[in-house]
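To keep things clear, I will list the structure first and then write my remarks on it.
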Amino acid sequence: MTFNVQVQRLCQVQIQKLLLVVGIMVTLVIVFQFINSTYEKNILVVSQESNISRSLELSSSPTVNEVVSTRIASYLDEDTVYKSEAIGENKDYELDTDDNESIHHSFQPAKTIQANNLTPERGLIHNKSSTMRHVRSSDKSSTIENEIKLNFFVIEQIKKSDFTFPQDNGHKPGTLLAELELSNHSLGTVTLRNKAMVAGNTSVRKYWNKAISITDMTASWLQISGATTSSKRVHWSSSQDRELQNARLQIKNVPEKRNLLDLHASVFQNVSMFKRSYDLMERTLKVYVYNEGEKPIFHNPKMRGIYASEGWFMSLMEKNKQFVVRDPRKAHLFYLPFSSKMLRISLLQQNYSSQMGNTFLKNYIDLIAKKYRFWNRTSGADHFLVACHDWAPKLTRNHMDNCIRALCNSNLGSGFRIGKDVSLPVTFIRTTQDPQKDLGGNPPLERRILAFFAGSMHGYLRPVLLQYWNNRERDMIITGPMNRSIEGKARYRELMKNSKYCICARGYEVHTPRLIESIFYECVPVIISDNYVPPFLEVLKWETFSVFVLEKDIPNLRSILLSISEEKYLAMQHRIKMVQQHFLWHKQPVRYDLFHMILHSVWYNRLFQLKPK
C-alpha cells in the first residue's frame, strides 16, 4: 500500500516537471518570435527612413514636387474620395492648365446616398459649405511629409507591379525592381534607375502578351463592315433605319476613285467609301439633341484643357442647323449631351463616390425612356454620347453600353468595341479664341532631333521609357516633366516642331494628347500604347503616317526608328500634313474638320451595325 502511494507521488512530480519544461519552451518560442518580429520591423523602418531621408533632401525642388504630385490612380481603387490636392490630374506637362484639373480621379469609399437625392432634373446640388477632405495641411512640414509618402508609395507600387523586361542590354528576362530617383536637371527631368533584375518570377503580369496590333484592329473593322446581311426578307424598325440601310448599300457599292481634290487617298482605308459616306451624311443625317438635364453636367461644355473634345463637340452640335432637328421622329441618331468631365467634378464637389455617377446616369436614361419612345425601340443603339474623361468607359458601361460611345479612353481591354464605339481624339485646347495656335513645324530635313518625349511619370510605362532612353543618345530627348512656365511650354512645343518622331507613350490610360499635338506640329507620332484604338480607325489608315511600337519593344525603340528609311519618313511626314485638317476644331464647322469626323464615325458605325429586326 505504502509502495503504491510512493509511486503515485513520484509520477505526479514527474508530470509537474514535464509541464514546467513544456511551459518554459513555449515561453521561449513566444519570446523569440517577438524579438524576431521586432527586429524585422526595425529593419523595414530603417529602410523606409533611408528612402524618406533621401526624398527629404530633394523635396525642396519644384520639379520634384510636380513629379511627386502626379496621379497614382492606376494603383488605387476608383471608388475613393479625393485625398490630396498635391496630386494633379493627368497633367501631361503643359497638357492641362484648367483650374479644375487639380482634382484627382482617385476616390476613397464615400458616404452612402439615396438615389433620389441626385436626379437629372435637379442636377447635382452644389453645397458651397461642404469641402473635400484634403491631406495637405497649411503647415509646410505636413505638406512635405505627405509628398514623401506619395513618393514612397509610387516606388512601392512599381516594385509590386511585376513589370517584365524582355532580354536586352545584357539583362536576363525578369521583373523590374525599381526605385525612383528624383533629380533637378536643367530641364527638370526625372530619372529612374534600374536597381535589380530578378529572373524567373512566375507572378509576372503579362501586359505584352495581350497586345492587339493595329493591323488586327483594322482587320476587325473591315470584317464588320464587309459582313453581308441575311438574304431573307427583313423588316426594319423605322423609315429612318431604311434610309440608313439604303445609304449603307450605296457606300459598299461605290466605284473606286483615287483622284479627289480635297482628300488624299493614301491616308484612308478606302477614300471612295469615305467620300460617298460623308456626302450621304451631309444630305441625309438628322440628329435629335435631348433638352433634358440641367447644367453644369448637361449643356455646359468645358472648352479648354485635355478633355476639351467633348466640350467642343457638344457646343457645335447643339448650335448646328444642318443636322439637328426639333422633331425626334425625323431623327436617325439621338445625342445625349452630357459631359463626363463636369459629372465627375460635380460628384467630387459633393464628396460622392464614382458609383453615384452610375446612379445619376441611370436616372437620366430612365427619364429619357419614360418621356420618349425612341430609347426603348432600340435599347439605345441609335443613341450616342461623346465623353473624353478617363472615367467615361466606367460611367457609361452599365446603362449606356448599348449606345455608340465616342471615347478618348478607347482601350480594347476596358470594353471598347471596334465597329460600335468611336475613338475620340484627345485635343488639348489652350485658348478657345485660337484653337489652332502654333500650328505647323520645321521642314522635315531641318529636324535635328530623332525622337522627343517629355511628361510626368504617369502609369507603369513611362518610367520604363525613361529607364532605357533618358540621357542615353544625343539625338533622343526623352525626359520627365518640363517646366510649366510660359517659357517651358514654348520650349516643349519648339522641341516637337524640331523632332522627326514624337513619342506618344500612354500614361495611366491608353490615350495621350501628344498624339494630336504631333499632328499639329507635323511630327510623326510613335504610338507606344498596347490595345489603344486610334481615332477614326474606321476610315483612316494610321500605318501610313505614324509608327506603332509595342510596349515590350521599348528597349529596341532607337533601332526601330533608325530602320525607317529617309524616303519612308518623308512620306509619313507629308501625310501628316494631309491628315491634319481632320483634327482641327473651328468655331464654325468646316468640311472634313474634327467635328464632322467625329459625327461621321458615329454615323458610319451606326450604318454598319444596323441589323435586321
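FYI, the numbering just counts along the sequence from 1.
A donor-acceptor contact shorter than 3.5 Å links the side chain of Lys420 to the backbone of Cys403. With Thr284 contributing its side chain and Met281 its backbone, the two residues share no donor-acceptor pair below 3.5 Å. Panel note: side chain Arg558, backbone Glu473; no donor-acceptor pair is recorded below 3.5 Å. Between the side chain of Arg514 and the backbone N or O of Ala454, at least one donor-acceptor pair lies under 3.5 Å. Checked by atom type and distance alone, the side chain of Arg447 pairs as donor or acceptor with a backbone atom of Lys497 at under 3.5 Å. Judged by distance alone, with hydrogens and angles left aside, the side-chain atoms of Ser499 form a donor-acceptor pair with the main-chain N or O of Leu495 at under 3.5 Å. Using modelled atom types, one side-chain atom of Arg462 and one backbone atom of Ser456 make a donor-acceptor pair closer than 3.5 Å. Without hydrogens or angle criteria, Ser565 side chain to Lys568 main chain gives a donor-acceptor distance under 3.5 Å. A side-chain donor-acceptor contact under 3.5 Å links Ser410 to the backbone of Val533. His389 contributes a side-chain N or O that, together with a main-chain N or O of Trp391, makes up a donor-acceptor pair within less than 3.5 Å.
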Which is it for Glu509 and His458 under the side chain to side chain contact (heavy atoms under 4.5 Å, CB included) test, yes or no, and what are the steps along the way? CA-CA 9 Å; Glu509 303 296 347; His458 296 152; over 6 Å; no
Decide ring pair (Phe, Tyr, Trp, His ring centres under 6.0 Å) for Tyr532 and Phe416; before the verdict, give the C-alpha distance in whole Å, the side-chain angles of both, and the deciding distance to 0.1 Å. CA-CA 9 Å; Tyr532 170 63; Phe416 185 91; 8.9 Å; no
Full working for side-chain hydrogen bond (donor to acceptor under 3.5 Å, both in side chains) between Asn442 and Asn498: CA-CA 6 Å; Asn442 291 348; Asn498 281 280; 2.4 Å; yes
Let's go through Trp585 and Asp593 carefully: what are the C-alpha distance in whole Å and the side-chain angles of both, what is the deciding distance for side chain to side chain contact (heavy atoms under 4.5 Å, CB included) to 0.1 Å, and is it a yes or a no? CA-CA 7 Å; Trp585 290 113; Asp593 69 352; 5.9 Å; no
For Phe452 and Tyr492, what are the C-alpha separation, side-chain angles and deciding distance, and is it a ring pair (Phe, Tyr, Trp, His ring centres under 6.0 Å)? CA-CA 10 Å; Phe452 169 66; Tyr492 174 86; 5.7 Å; yes
Could you walk me through whether Trp312 and Ile429 satisfy the side chain to side chain contact (heavy atoms under 4.5 Å, CB included) test, starting with their C-alpha distance in whole Å, then the side-chain angles of each, then the deciding distance to 0.1 Å, before giving a yes or no? CA-CA 10 Å; Trp312 276 80; Ile429 302 298; 3.8 Å; yes
List the steps, then state whether side chain to side chain contact (heavy atoms under 4.5 Å, CB included) holds for Asn556 with Ser559. CA-CA 5 Å; Asn556 304 318; Ser559 60; 3.7 Å; yes
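No side-chain N or O of Glu256 forms a donor-acceptor pair with one of Ser272 less than 3.5 Å apart. In this model, no donor atom of one side chain and acceptor atom of the other lie less than 3.5 Å apart for Arg575 and Thr544. A side-chain N or O of Ser213 and one of Asp216 form a donor-acceptor pair less than 3.5 Å apart.
Lys341 and Asp390 are not joined by a salt bridge, as no carboxylate oxygen comes within less than 4.0 angstrom of a charged side-chain nitrogen. The residues Arg248 and Asp241 are annotated as not salt-bridged, no charged nitrogen and carboxylate oxygen being separated by less than 4.0 angstrom. Residues Asp382 and Arg377 are paired through a salt bridge, judged by an N-O separation under 4.0 Å between the basic side chain and the carboxylate.
Counting all heavy atoms, side chain and backbone alike, Val271 lies closest to Lys257 at CG1-O, 3.2 Å. Taking each heavy atom of Ile554 and Trp469 in turn, the nearest pair found is O-NE1, 2.8 Å. Minimum interatomic distance between Gly480 and Met457 (heavy atoms only, all atoms of both residues): CA-CE, 4.2 Å. The shortest non-hydrogen separation linking Pro534 to Ile214 is CG-CD1, 3.6 Å. Of all non-hydrogen atoms in Arg506 and Ser529, the two that sit nearest each other are CB-OG, 3.4 Å. Here the closest heavy-atom approach between residue Cys408 and residue Pro425 is recorded as SG-O, 3.7 Å.
At least one side-chain heavy atom of Leu599 sits less than 4.5 Å from a side-chain heavy atom of Phe313. Side-chain contact between Phe338 and Met400 is present, with at least one heavy-atom pair separated by less than 4.5 Å. Within the 4.5 Å cutoff, side-chain heavy atoms of Met578 are placed close to those of Ser266. Inter-residue side-chain proximity for Asp475 and Ile449 is flagged as unmet; no heavy-atom pair is nearer than 4.5 Å. A heavy-atom distance below 4.5 Å is found between the side chains of Leu439 and Leu584. For the pair Phe374 and His383, the minimum side-chain heavy-atom distance is below 4.5 Å. No side-chain heavy atom of Leu424 sits under 4.5 Å from any side-chain heavy atom of Leu407. Looking at heavy atoms from C-beta onward, Leu557 lies out of side-chain contact with Tyr501 at the 4.5 angstrom threshold.
Rounding to the nearest 0.5 angstrom, the gap separating the CG atom in Asn531 from the CD1 atom in Ile212 is 5.0 Å. With rounding to the nearest 0.5 angstrom, the OG1 atom of Thr218 is 4.5 Å from the CG atom of Leu537. One finds the SG atom of Cys523 at 10.5 Å from the CE atom of Met572 (value rounded to the nearest 0.5 Å). The distance from the CD atom of Glu538 to the CG atom of Leu607 is 11.5 Å, given to the nearest 0.5 Å. Note that the CG atom of Leu570 and the CG atom of Leu445 stand 5.5 Å from one another [nearest 0.5 Å].
Aromatic pair His582/Phe268: ring centres closer than 6.0 Å. Here the two rings, on Phe384 and Tyr335, have centers that are under 6.0 Å apart. Close placement of the Phe608 and Trp221 rings is indicated, their centers lying within 6.0 Å of each other. Phe583 and Tyr592 have their aromatic ring centers separated by at least 6.0 angstrom. Taking the six-membered ring for Trp and the full ring otherwise, His600 and Phe274 have centroids separated by under 6.0 Å.
With Tyr307 as the aromatic partner, Lys302 does not meet the cation-pi criteria of under 6.0 angstrom to the ring centre and within 45 degrees of the ring axis.
Remark: Lys286 engages no residue in a salt bridge (charged side-chain N to carboxylate O under 4.0 Å, His left out) (not counting sequence neighbours). Scored by the side-chain hydrogen bond (donor to acceptor under 3.5 Å, both in side chains) test, Gln250 finds no partners at all (sequence neighbours excluded).
Within a 6.0 Å sphere centred on NE2 of His264, heavy atoms belonging to other residues, nucleotides or ligands number more than 12.
Applying the salt bridge (charged side-chain N to carboxylate O under 4.0 Å, His left out) test to residues at least two apart or on different chains, the pairs with a partner in residues 264-282 are Asp262-Lys275, Lys275-Asp279, Asp279-Arg591, Glu282-Arg591.
For the side chain to side chain contact (heavy atoms under 4.5 Å, CB included) with Pro535, the lone residue among Leu594, Leu540, Leu515 that qualifies is Leu515.
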